[in-house]
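Side chains included, hydrogens not; waters and symmetry mates left out as well; all remaining heavy atoms used. Order of appearance sets the numbers: ligands from 1, and atoms from 1 within every ligand.
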Amino acid sequence: MDYEELREQMVITQLIPRGIKDSRVLEAMKRVPRHLFVDVSMQNSAYDDMAMPIGDGQTISQPYMVAIMTELLELSGKEKVLEIGTGSGYQAAVLAELSKDVYTIERIASLAEKSSQKFSLLGYDNIHVKTADGTLGWTEEAPFDRIIITAASPKIPDPLMEQLALDGILVIPVGSRYSQQLLKIRKTKEGMLEEYHTPCVFVPLIGKHGWE
Ligand code: SAM
C-alpha cells in the first residue's frame, strides 16, 4: 500500500473540496501516518472518508473533522495546546506538527498507554499524555493558548474556560448525546466570541463537567 499517495488523495478529495484552506493544516495531514493510529487489520482503510473504531467503544475521528477542528484553532507553531480525548492519538499528532506543545488527556488508561507508545515510536516528544477526567482540565499546566475537546459535550466545561488564556481559542462539539455542532470560542478582554460551525457526531465526553 502506498500510504503517502493515499494521504495525498485524502487531502485532494476530502479536505480541499470541503473548504480546508490552511496550507499548514493540509501539509500536516499529508505528513501524519494515520494508518499507524488504527489497528493493523484496518490500516488499508485508514485514509477513507470516515471515523473508525479504536477499541473500548471509542473512535478515531474522520479526517475532515480532524482537519476542520485543527484549522479552527488557527495554530502558528508557538502555542501550548490542551486536547481532551486522546483516543488513538492521531489528532494530537496533527496538533504536535503545528504547535509548540500538546497536553492530551484520555479517561481510558489503555488508550492513553497505547497512544503514548505511538508518540514515542514516531518521535513526538512535544506531546504529554495523562489518564484523567479531562473535563477538569490540567491545572498544573494551565493556561493554554488553545483547547480542543474531541468528544461531545452538553456544554463547555467551566474548568476548561478558566484554563484558556486570554486571546485563546477553544473548539468543542456541543449539543445532545447524538448530534452536535462545532463551537469555536475566542476569549477576549471584552468577553467570549462564539461561532458555530459544521454539524457533527462524536462519542460522549464523560466526566464531572460532561455527561454522567
Ligand atoms: N482525538 C481522538 C483521535 O484522534 O483518535 C479521537 C477521540 S474519540 C472521538 C473521543 C475520546 O474522548 C475517547 O477516547 C474517549 O475515551 C475520550 N473521553 C471521553 N470523555 C473523556 C474525559 N472526560 N476525559 C478524557 N477523555 C475523555
Notebook entry, point to check: What's the spacing between Leu160 CG and Leu205 CG if we round to 0.5 Å?
Noted result: 8.0 Å
Check: When rounded to the nearest 0.5 angstrom, what is the spacing between OG in Ser99 and CG in Leu75?
Finding: 5.5 Å
Margin query: Going by the rule side-chain contact (heavy atoms from CB on, under 4.5 Å), which residues pair with Leu6 if we only count those two or more places apart in sequence or in a different chain?
Written below: Met1, Tyr3, Tyr47
Next item on the list: Could you pull out all residues at least two apart from Glu212 that satisfy side-chain contact (heavy atoms from CB on, under 4.5 Å)?
Entry: none
Tabulating one pair per line, provide the atom names and distances (0.1 Å) for every N/O atom of ligand 1 that is less than 3.5 Å from a protein N/O atom.
{"unit_1": "ligand 1", "atom_1": "1 (N)", "unit_2": "Glu83", "atom_2": "OE2", "d": "3.0"}
{"unit_1": "ligand 1", "atom_1": "1 (N)", "unit_2": "Gly85", "atom_2": "O", "d": "2.9"}
{"unit_1": "ligand 1", "atom_1": "1 (N)", "unit_2": "Thr150", "atom_2": "OG1", "d": "3.1"}
{"unit_1": "ligand 1", "atom_1": "4 (O)", "unit_2": "Gln91", "atom_2": "N", "d": "2.9"}
{"unit_1": "ligand 1", "atom_1": "5 (O)", "unit_2": "Ser88", "atom_2": "N", "d": "3.0"}
{"unit_1": "ligand 1", "atom_1": "5 (O)", "unit_2": "Ser88", "atom_2": "OG", "d": "2.6"}
{"unit_1": "ligand 1", "atom_1": "14 (O)", "unit_2": "Glu106", "atom_2": "OE1", "d": "2.7"}
{"unit_1": "ligand 1", "atom_1": "14 (O)", "unit_2": "Glu106", "atom_2": "OE2", "d": "3.4"}
{"unit_1": "ligand 1", "atom_1": "16 (O)", "unit_2": "Glu106", "atom_2": "OE2", "d": "2.6"}
{"unit_1": "ligand 1", "atom_1": "20 (N)", "unit_2": "Ile206", "atom_2": "N", "d": "2.9"}
{"unit_1": "ligand 1", "atom_1": "23 (N)", "unit_2": "Asp133", "atom_2": "OD1", "d": "3.0"}
{"unit_1": "ligand 1", "atom_1": "23 (N)", "unit_2": "Ile206", "atom_2": "O", "d": "2.7"}
{"unit_1": "ligand 1", "atom_1": "24 (N)", "unit_2": "Gly134", "atom_2": "N", "d": "2.8"}
{"unit_1": "ligand 1", "atom_1": "26 (N)", "unit_2": "Arg107", "atom_2": "N", "d": "3.2"}

Next item on the list: Give a yes-or-no answer on whether the side chains of Gln58 and Ser88 include a donor-acceptor pair shorter than 3.5 Å.
Entry: no
Item checked: Listed partners of Met42 passing side-chain contact (heavy atoms from CB on, under 4.5 Å), at least two apart -> Val38, Asp39, Met52, Pro53
